[in-house]
Amino acid sequence: MLVQKLTFLLKNSLTIDQLKQIHTPIITNGLSQLETLLARQILLSTSRYSRHIAQYIQRILHHLQNPDASLWSFGVRFFSFHGQFNTAFSLYVQMRRLGLFPSSFALSSSLKSCARMVHGVGGFSVHAQVFKYGFCGSVYVQTAVLDFYSKMGDMRSARKVFDEMPERNVVSWNSVLSGYLKSRNLEEAQRVFDEIPMKDVVSWNSMVSGYARIGNMDQAICLFERMPERNLASWNAVISGYVSCGSMELARSIFDTMPVRNNVSWITMISGYSKCGDVVSARLLFDQLTDKELLAFNAMIACYEQNSQPGEALELFNQMLEPDINIQPDEMTLTSVISSCSLLGYLEFGLWIESYMKKHGIQLDDHLANAFIDLYAKCGNIDKAYKLFRGLRKKDLVAYSAMISGYGVNGKAVDAIKLFEEMVDADIYPNLVTFKGLLTAYNHAGLVEEGYKCFDSMKDQGLLPSADHYGIMVDLLGRAGRLEEAHELIKSMPMQPHAGVWGALLLACRIHNNVDLGEIAARNCFKLQPEKTGYSSLLANIYASVERWDDAGRLRNVVEEKGLSKIPGCSWTESS
DNA sequence: GCACCGCAGA
């Protein structure tokens with residue numbers, strides 16, 4: 001019986017080969033209607049499902065001798081339900097090609113999938129089919145259409161569908177409401193909210209999170225306190241509001257007082273601590289979480305990666321793969337892991353992830369691709385990075401910035417500039433990260449004047465250079481021998497220069513054997529990073545170059561006393 | 001079944 005087999009599958013994560021043995025007889029015998037019905041119940045009642053079951057369902061659909069519209073519709077619904085929107089929609093397209101009549105499930109699920117994928121054309125065509133197949137009177141389908149436009153940010157169309165609906169339920173109202181909130185039209189949202197004849201907890205939650213999102217916590221709390229009924233999402237919305245305002249103490253007090261917590265509450269707090277750089281508090285919470293699921297690991301791994309602790313990120317990743325935990329990573333996990341590899345320059349692990357993805361059927365999405373572009377470019381494989389870049393579905397700011405800085409670190413200034421121009425032509429506005437990549441390109445090519453022009457042009461775009469940008473400029477000027485100018489630039493900085501900035505000047509002084517400025521730079525480096533001995537060695541080399549052997553020797557002794565030897569080939573950029 | 005709260009890329 002299929003049911004037993006499926007139950008078995010759910011309990012044991014089977015390999016593809018084991019699956020093949022099971023599914024072959026089913027295909028030859030066909031599925032009885034009863035089996036199909038039971039299989040649906042099992043599959044929809046489970047929140048845990050493996051990629052194997054997903055592949056299994058697809059195989060059944062493609063191997064059936066007589067295409068079955070209700071089974072295909074079920075497939076669309078299944079994948080949409082489990083967040084596999086791409087698969088859901090492609091199954092819908094295939095069932096249309098087979099000439100099968102879509103059910104209301106298939107229509108609403110594929111609309112949901114298009115909305116989540118921000119696939120406008122797909123959604124429009126499904127909307128057309130809603131007309132064609134006469135689902136204009138179905139509340140569910142019409143609400144899905146309305147929700148599609150609402151999620152796409154097209155409130156005019158959403159409103160039109162809503163106004164023409166013969167029948168509305170609370171979900172239809174909530175859908176319009178969330179559309180206005182998403183487009184930050186709080187006024188219209190408030191109007192809709194006041195009009196809802198049967199407000200439920202979702203309506204209230206939407207309003208609370210709408211106000212929280214725009215930073216109006218007073219109004220959010222006011223509504224929260226007036227709520228006739230609260231659920232977990234209500235509490236979580238308030239936490240998330242405080243988190244995005246950076247008020248971790250208030251977020252924590254809500255978290256501590258809420259009656260029940262779920263994974264969302266924990267993950268919101270962990271990522272909140274991550275965003276304000278409090279890795280220790282994030283980890284403390286993570287450790288207190290008894291039932292750690294994939295998303296908790298994702299949040300914690302991302303926390304390490306974003307706070308420059310890539311080693312810890314990889315360690316946690318390895319832990320989740322261990323047999324006693326055994327949680328399958330998804331695209332988001334791997335994205336953070338690849339970024340960690342990039343920070344470490346750990347190309348081999350990136351290649352391992354590539355093969356892991358192939359083995360487990362994980363598709364390369366744009367987030368993953370951008371992380372890979374960065375990794376390959378940083379490790380010198382610029383051609384592979386470029387190939388990935390050209391293959392992107394949507395080239396956005398992040399993608400361009402990754403590729404530009406990839407060219408930058410590989411000394412390909414001309415390509416970086418060309419890409420920058422292409423980006424501007426595509427109406428994508430550069431930000432601080434883009435300029436960091438571009439300045440790196442000028443720096444590696446030694447183009448001082450062009451680099452300066454680029455640096456100055458940032459202000460015209462309303463961008464204030466960060467200490468990192470100053471650091472690159474100091475490096476550029478310094479290497480060109482314009483040490484005084486570099487020093488003046490540091491003095492003109494509106495913020496505290498970090499060790500990387502002074503380190504760049506110190507290195508330049510070493511190259512050009514300038515003792516006076518070298519001493520100033522070194523003094524600042526010692527102050528900012530007393531534990532790092534590389535600065536002493538550099539200054540010692542400067543003294544040696546002008547034959548001040550006593551001073552050079554004194555510094556070398558300091559290095560040895562610290563019990564640390566100079567790490568050979570240590571580069572400046574790593575510390576910045 | 002459709003709606004509210006959480007995790008990823010330069």
Side-chain angles (χ1 to χ4, degrees), chain A residues 44 73-74 76-77 80-81 103-109 111-112 115 138-148 150-151 169-179 181-182 200-210 212-213 231-241 243 262-272 274 293-303 305-306 329-339 342 365-375 377-378 389 392 396-406 408 430-437:
Chain A
L44 280 180
S73 293
F74 158 75
V76 176
R77 182 176 150 216
S80 162
F81 182 78
S103 69
S104 57
F105 294 121
L107 289 166
S108 55
S109 302
L111 278 164
K112 181 185 171 183
S138 157
V139 197
Y140 292 129
V141 174
Q142 286 302 315
T143 302
V145 173
L146 144 66
D147 191 57
F148 164 75
S150 169
K151 283 213 167 62
N169 60 19
V170 66
V171 181
S172 328
W173 281 94
N174 288 343
S175 212
V176 176
L177 179 62
S178 79
L181 290 169
K182 196 170 180 249
D200 67 357
V201 66
V202 175
S203 329
W204 284 90
N205 287 349
S206 304
M207 285 308 287
V208 169
S209 71
R213 247 199 312 262
N231 64 8
L232 271 163
S234 332
W235 290 90
N236 290 338
V238 175
I239 295 185
S240 153
V243 163
N262 66 357
N263 276 315
V264 176
S265 332
W266 289 86
I267 292 163
T268 311
M269 288 301 295
I270 292 172
S271 70
S274 169
E293 45 144 39
L294 173 67
L295 274 67
F297 274 94
N298 285 358
M300 196 60 225
I301 291 173
C303 172
E305 186 264 316
Q306 284 159 6
D330 68 357
E331 290 82 355
M332 292 198 190
T333 331
L334 297 181
T335 303
S336 301
V337 171
I338 296 163
S339 303
S342 187
D365 64 19
D366 284 359
H367 281 273
L368 276 165
N370 287 329
F372 270 126
I373 288 171
D374 183 57
L375 173 70
K378 283 222 176 80
F389 177 75
L392 283 173
D396 63 4
L397 176 65
V398 176
Y400 274 106
S401 303
M403 199 59 222
I404 288 170
S405 100
N431 68 3
L432 289 175
V433 185
T434 325
F435 275 105
K436 218 164 125 180

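Quick note on labels: first sequence line is chain A, next is B, and so on, each numbered from 1.
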Legend entry - Any A:R77 side-chain nitrogen or oxygen under 4.0 Å from OP1 or OP2 of B:dC2: no
Inset, instruction - Return no unless some side-chain N or O of A:S209 is found under 4.0 Å from OP1 or OP2 of B:dC4. - result: no
Hey, does the side chain of [X] reach the backbone of [Y] with a donor-acceptor pair shorter than 3.5 angstrom?
X	Y	value
A:S108	A:A144	no
A:D374	A:A377	no
A:D330	A:T333	yes

Output the single nucleotide from [options] whose closest atom is nearest the side chain of [X].
X	options	value
A:V433	B:dA10, B:dG6, B:dA8	B:dA10
A:K151	B:dC5, B:dG6, B:dC4	B:dC4
A:S339	B:dA10, B:dC5, B:dC2	B:dA10
A:N169	B:dA8, B:dG1, B:dC2	B:dC2
A:S271	B:dC5, B:dA3, B:dC7	B:dC7
A:V202	B:dG6, B:dA8, B:dA3	B:dA3
A:Q306	B:dC7, B:dA3, B:dA8	B:dA8
A:L295	B:dC5, B:dC7, B:dA8	B:dC7
A:I267	B:dC2, B:dA3, B:dG6	B:dG6
A:A233	B:dA10, B:dC4, B:dC7	B:dC4

Nearest whole angstrom, please: distance from the [atom2] of [N] to the [atom1] of [X].
X	N	atom1	atom2	value
A:D365	B:dC7	CG	P	16 Å
A:W204	B:dC5	CH2	P	17 Å
A:W235	B:dC5	CH2	C1'	14 Å
A:I338	B:dA8	CD1	C1'	10 Å
A:N205	B:dG6	CG	P	11 Å
A:F297	B:dA8	CZ	P	16 Å
A:L334	B:dC7	CG	P	18 Å
A:I239	B:dC5	CD1	P	14 Å

Inset, instruction - Look at all strands and tell whether A:E305 reaches a base, only sugar-phosphate, or nothing, counting heavy atoms closer than 4.0 Å. - result: sugar-phosphate
Inset, instruction - Give A:A144 one of three labels, base, sugar-phosphate or nothing, depending on what nucleic acid heavy atoms sit under 4.0 Å from its own. - result: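 No contact at all - A:A144 keeps every heavy atom at 4.0 Å or more from the nucleic acid.
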Classify the side chain of [X] versus the base of [N] as yes if they form a donor-acceptor pair under 3.5 Å and no if they do not.
X	N	result
A:S104	B:dG1	yes
A:N431	B:dA10	yes
A:S401	B:dA10	yes

Inset, instruction - Sequence neighbours left out, what passes salt bridge (Lys or Arg N to Asp or Glu O under 4.0 Å) with A:K436? Give chain and number order. - result: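 In terms of salt bridge (Lys or Arg N to Asp or Glu O under 4.0 Å), with neighbours along the sequence ignored, A:K436 is linked to A:D468.
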Legend entry - Rounded distance (nearest 0.5 Å) linking atom CE of A:M300 with atom CD1 of A:I267: 12.5 Å
Legend entry - Donor on one side chain, acceptor on other, A:S234 and A:N231, under 3.5 Å: yes
